[in-house]
Amino acid sequence: MNRRLYIVAYDICNSRRLNRARYFIKNYSTGGQKSVFECFLTENQVNNIMLTLSNIIDNNVDRVHIVVVDGRGNSHTLGIAIKPQDPDFFYFG
């Protein structure tokens, strides 16, 4: 299974849609904070996230960014931040 690191960030105006999106994306997340999540994803998972979030958000007022992080570069962290790591397994519950 070939996974890549993505940053998924969103700005959702409605609290109900925001909670639905947050609950959904946390299933894929290995870390993050508030509305920005680090996710190691396969291509199928990225497609599923895009499809599901497109059904949750309001395209007229909400924003979602899904950015692939180039694994060849170094990750820099400050404070108590932990460098992203691809875990051995994921639990979807």
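Please read all numbers here as calculations on a predicted model, not as lab measurements. Below, each value reflects all heavy atoms present in this structure, side chains not excepted, and no hydrogens, waters or symmetry copies.
Atom OG in S54 sits 12.0 Å away from atom CD1 in I49 (nearest 0.5 Å). One distance of note links CD1 of I56 with OH of Y23; it measures 11.5 Å at 0.5 Å rounding. Remark: Y6 OH to T42 OG1 distance equals 8.5 Å, nearest 0.5 Å. One finds the CD1 atom of I7 at 13.0 Å from the NE2 atom of H65 (value rounded to the nearest 0.5 Å).
In this structure, the side-chain hydrogen bond (donor to acceptor under 3.5 Å, both in side chains) partners of R63, at least two apart in sequence or on a different chain, are D11. For I12, the side-chain contact (heavy atoms from CB on, under 4.5 Å) partners are Y10, R17, L18, A21, I57, D62, not counting sequence neighbours. Under the rule for a side-chain hydrogen bond (donor to acceptor under 3.5 Å, both in side chains), N47 has no partner lying at least two apart in sequence or in another chain. Residues meeting the side-chain hydrogen bond (donor to acceptor under 3.5 Å, both in side chains) test with R20, sequence neighbours left out: none. Under the side-chain hydrogen bond (donor to acceptor under 3.5 Å, both in side chains) criterion, N14 pairs with no residue, sequence neighbours left out.
When all heavy atoms of S29 and C39 are compared, the pair lying nearest together is CA-SG, 3.8 Å.
For the pair F40/Q45, no side-chain contact is recorded, criterion being any heavy-atom separation below 4.5 Å from C-beta on.
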**OP:** List the steps, then state whether side chain to side chain contact (heavy atoms under 4.5 Å, CB included) holds for L41 with R3.
**Re:** CA-CA 5 Å; L41 305 170; R3 295 187 296 198; 5.9 Å; no
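Around atom CZ of R4, no more than 12 heavy atoms belonging to other residues, nucleotides or ligands sit under 6.0 Å away.
Of the possible polar contacts, one joining the N19 side chain to the S15 backbone as a donor-acceptor pair under 3.5 Å is found.
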